[in-house]
Amino acid sequence: MAPSPSSSGATTSVQVALRIRPPTNQDATSIPARFQRTAINAISSTSVSVDATSSTPSSVGSSTATAAPSASAGKKQVFTFDQVHPPAATQHALFTSTALPLISRFVEGFNCTILAYGQTSSGKTFTMTGIDLDADPTDPSNGMGIIPRAVASIFTQCRELKEERGNAWNYNLKGSFIEIYNEDLIDLLGSDDSGAKTNVQIREDKQGHIIWEGLREVNVNHSNEVMTLIRKGTSIRRTNETDMNAQSSRSHAIFSLTLIQKKYTGSGLPPRSSSPLPPGGRSPSRLARPSSTMHYGNSPGTRVSSPTFGRPGTPSFGSGIPRGGARPASSLGMLTADRRQSLAPGGAQSNGDDQGEWVTVVSKFHFVDLAGSERLKRTAAAGERIKEGISINSGLLALGNVISALGDPAKAKSHTATYIPYRDSKLTRLLQDSLGGNAHTLMIACVSPAEWNANETVNTLKYANRARNIKNRVTMNEKEEGWDDVEWLQGMVTRLRKDLKGLKEGGTIASTTSDPEVSAVAHQKVTAQMAELRNSYEDMRTKYVERTEELTRLRRELADKQRASGGAIGGTAKYEEIVGPVIEEYEKTISAMEAELSLNRAALRHTNDMVDEKEAELAQLAERHATTEMYVEELRSRVTKLAEREASTEAYIHDLEEKVKSFNEDSLSSSGSISDLKRELSKVKDAETHSSQYIADLETRLAKSEESVLSLQQSVERLEEECEVRRADVRTLQSRLEQMQQDGEGWRSDLDEREKKITRMEAELKEREEALKATAETRDRLGVIVNDVSAARKNLEVASINSEVSSVHEPDDPTELQLVALQQTHTATLADLSSVSAKYRDALREIADLAAQLHEAKGHVQGRSRRTLEQHGQTPPLQTRGVNGISSREICIAICIALTGAVLGQVAQGFYLQSRDK
Ligand SMILES: Nc1ncnc2c1ncn2[C@@H]1O[C@H](COP(=O)(O)OP(=O)(O)OP(=O)(O)O)[C@@H](O)[C@H]1O
């Protein structure tokens, strides 16, 4: 944001940049969820739109935002500024585009001011100071604010200039930090040894300059030193926790940097004799001018407030004035336009050579962090906070009134002298120069994005919009060398006294320049002029007296002749004819001489005026000298006091040492209680560590819960998407189901048919089972017979053995016959058994075949229905019964029967073979 072109005395508007901060964690907890929506949006790099339509609670009891000047149609309001920075803008980007151009102006010698304005918690302190003052100010990614970055940049530019200009340029930087708390001005760097803060007073000197009396200015040589000052001041500045900000600034704070530059204006190198920093730090004293402050602005004769608010600068960089000491006010006079002309290079009094001069340029940079505008209800203020809030608001109201008065375009156009209420508050008094005065001013309006704060946001935007109309007139603040140097002033007083004496005595004027040749020539010239004037005056006077006498004589002669002629008219007329022209000529000569005389008188008067002026200056200088002497006296007394204090401090230290000694002796006895205390202390420390861990833990949990809320939100969104997909699936499934239902009808009839077939086959199976049962019974019966036959066979064998032993074999023996018959019966029975077994096996095979068919039929039906279900994304029910409804028990029975039949067959065959062999 470059200010208007750099011509001195140029008019420039107050620049306004808007910054929208991102939502913070505090917002998430302190603002109801439904009002956390973003209500302000950057629509371009210079404009924003605000949607303040919804009825946020802030509108309760507040003035509802009215349409802005550039409000667009509908409910949205559009505002335009010089710059708009969206929430994503980095600290570095903001600094580069807003503050950096002002820094160049500051180093050139112009006053600059940056003001951060906005509701509480809108990011003013973050913007001005930022976080982590120890970071690298050139790093674009860190959170350092405008002040630390500006300080680093100023030092860099000054060092570059020094390298460029060498001995022809010197500089000195000083810092001060002031806060306005409950309408008290407090010096944040001025705390004394006891830590008590010093109060600053606003005074106005005779010339109307504002003086910040009692403010401490500290010399700074490096940005680290400035950071230390900022840290010190910030630690003292009043902050407190409110419902809207964990660390809310409760005061307006102004951090100021003063740059004092000494420039050599001539071409080439400065002469050694006139160096601004001769050994001993004294300024050269070759200038003898009646006024010290030069003003090259476009408005001749207008006064410019001292950039140091009336305080004199350091006489020279190496002067003996203690660092940061409060100084008496000085009021340096101004040059009139004609006098300025005569003093300008090449003017009437210029000696015509190319010799330059040393000029001092003093510029001020104010960084203003205002306390937040706030609604007491919203910040839940109570007690002392209410008082603070009222004071903050009244300061801001006064600032608003000043802005309104200065920024009223109608008044600006009409050029009417408007009353500006600077005196209504200390804030406006201090910022008088920055608002409508001699400074390049930039306002950074900070706003919160939340809908909850929409009304405050609109108010801030309106406030800032008005500020854009303010016009400042900037001039470079140059002073000639030496006017703050006590010794130089003393020398000047002595010289002027001599000059005056010389003038009064009509002698020569004592030399006032350091160049003896130049001053001798000038004095000779003036003396010659004075002598000439005096001579011509004397000549004129003599001539005048002579002529007057001659005229009187002639008149007398004429009268005598008239009397002698006895009234002869003709003679008289002739006489008048002769004498008239002579008289006329005499009269002409007399009037010419009178004119010449009056000219000489005027010249004399002018000389007398000059003498008077010199006398007045002398008196002024004497007065100033007296003030300086008083100041020196004060300093001396301070030094004495300091010496006294040092002595008492030494005594105190001695005392302390004694005490330490006795304490050491006592310490042995009290070591027990010390160890108790230490234990206590360690417990407290433990508790502290524990609580900080607990806090850290809570913070981590909070962060985690936030993350999980985020992820839950994401998963809800994902699930909703999935739901949508599912719904589409359901629709597809429904259509398929309908298709399936149609298919189902066909399958059902098919199934019915198959079930009928199964029933039929089951009946058949039942019949076969019954047949099998009958066969089994027959087989049992045959088994019994086989047993009987075996038993009979055994008996027969026993009988035959007995008969073999006792008698000769007789084929006709009835027993043998019986045996044979039995063997035949047995053979027949075995044959029967084997045929029954064969039948039984056949029956079993048939049953197995039927079971297989049944299985196949049911498997077919179930396979079809499972495939259909699978096609429609359904899982077929688990089979609880065996294949096709035939239980595994039934199959087992069938197999057992088959096996039993086979075994029985084999047993029967075994018997048969045995009996046959026998
Ligand atoms: N641009 C930003 N980026 C990130 N955080 C920010 C930004 N601006 C402000 N904040 C955060 O918002 C909170 C409030 O900011 P800050 O204290 O600067 O507000 P303020 O306007 O100075 O308030 P007050 O007037 O009450 O002092 C802080 O936690 C700060 O870190």
Side-chain angles (χ1 to χ4, degrees), residues 17-31 36 38 40 42 48 83-99 114-133 135 140-149 179-181 230 233-255 367-376 378-381 385 388-393 395-396 399 427 443-450 452-453 456-457 459-461 463-464 699 702-703:
L18 177 74
R19 186 181 205 185
I20 309 166
R21 74 154 163 75
T24 61
N25 291 344
Q26 178 100 5
D27 286 352
T29 53
S30 66
I31 298 178
Q36 284 178 13
T38 298
I40 177 164
V48 282
Q83 286 185 23
V84 170
H85 294 267
T90 62
Q91 294 279 73
H92 182 258
L94 184 87
F95 165 74
T96 319
S97 53
T98 57
I114 299 180
L115 270 163
Y117 177 83
Q119 82 168 113
T120 184
S121 180
S122 57
K124 298 180 292 298
T125 309
F126 184 85
T127 299
M128 293 307 285
T129 312
I131 45 175
D132 198 3
L133 290 179
S141 61
N142 63 33
M144 291 180 104
I146 283 177
I147 300 179
R149 287 182 199 274
E179 81 170 338
I180 307 169
Y181 177 70
I230 295 171
T234 310
S235 69
I236 302 172
R237 189 180 171 194
R238 316 285 167 124
T239 56
N240 237 311
E241 183 172 353
T242 67
D243 270 14
M244 292 186 69
N245 191 354
Q247 218 187 351
S248 176
S249 309
R250 313 303 300 157
S251 64
H252 308 300
I254 306 176
F255 178 76
F367 299 93
V368 188
D369 180 9
L370 296 169
S373 57
E374 58 184 33
R375 196 150 300 135
L376 301 180
R378 290 279 295 274
T379 52
R385 295 289 88 79
E388 282 172 359
I390 291 169
S391 164
I392 291 168
N393 286 342
L396 293 173
L399 181 63
L427 177 66
M443 178 187 270
I444 301 180
C446 300
V447 292
S448 148
W452 178 255
N453 295 317
E456 273 91 346
T457 298
N459 288 343
T460 301
L461 298 180
Y463 203 99
E699 279 172 350
L702 189 68

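Computed from heavy atoms alone, side chains included, the values below leave out hydrogens, waters and symmetry copies. Both ligands and their constituent atoms are indexed starting at 1 by order of listing.
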Is [X] in polar range of ligand 1, meaning some N or O pair under 3.5 Å apart?
{"X": "Thr125", "result": "yes"}
{"X": "Ala371", "result": "no"}
{"X": "Lys124", "result": "yes"}
{"X": "Pro22", "result": "no"}

Looking at ligand 1, would Gln91 count as a contact under a 4.0 Å heavy-atom criterion? no
Contact between Arg19 and ligand 1, counting heavy atoms under 4.0 Å?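 Under 4.0 Å: yes for Arg19.
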Going by atom types only, do Ser121 and Gln26 share a side-chain donor-acceptor pair under 3.5 Å?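 Not at all, the side chains of Ser121 and Gln26 share no donor-acceptor pair under 3.5 Å.
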Dump the intermediate steps for side-chain contact (heavy atoms from CB on, under 4.5 Å) on Thr127 and Leu94, then the final yes or no. CA-CA 9 Å; Thr127 299; Leu94 184 87; 3.4 Å; yes
Pick one: which of Thr98, Ile444, Ile20 meets side-chain contact (heavy atoms from CB on, under 4.5 Å) with His85? Thr98
How long is the span from the [atom1] atom in [X] to the [atom2] atom in [Y], to the nearest 0.5 Å?
{"X": "Ile147", "Y": "Ile230", "atom1": "CD1", "atom2": "CD1", "value": "5.5 Å"}
{"X": "Ile40", "Y": "Leu461", "atom1": "CD1", "atom2": "CG", "value": "5.0 Å"}
{"X": "Thr234", "Y": "Met128", "atom1": "OG1", "atom2": "CE", "value": "11.5 Å"}

Atom indices of ligand 1, in the order listed, that fall short of 4.0 Å to a heavy atom of Gln119: 21 (O)
If you count the atoms of ligand 1 from 1 in the order shown, which ones are under 4.0 Å from a heavy atom of Thr24? 11 (C), 12 (O)
Using heavy-atom distances, let me know which of Ser251, Ser122, Ser448, Gly123 sits nearest atom 9 (C) of ligand 1. Gly123
What heavy-atom pair brings Gln119 and Asn453 nearest, and what distance separates the two atoms? OE1-CB, 3.1 Å
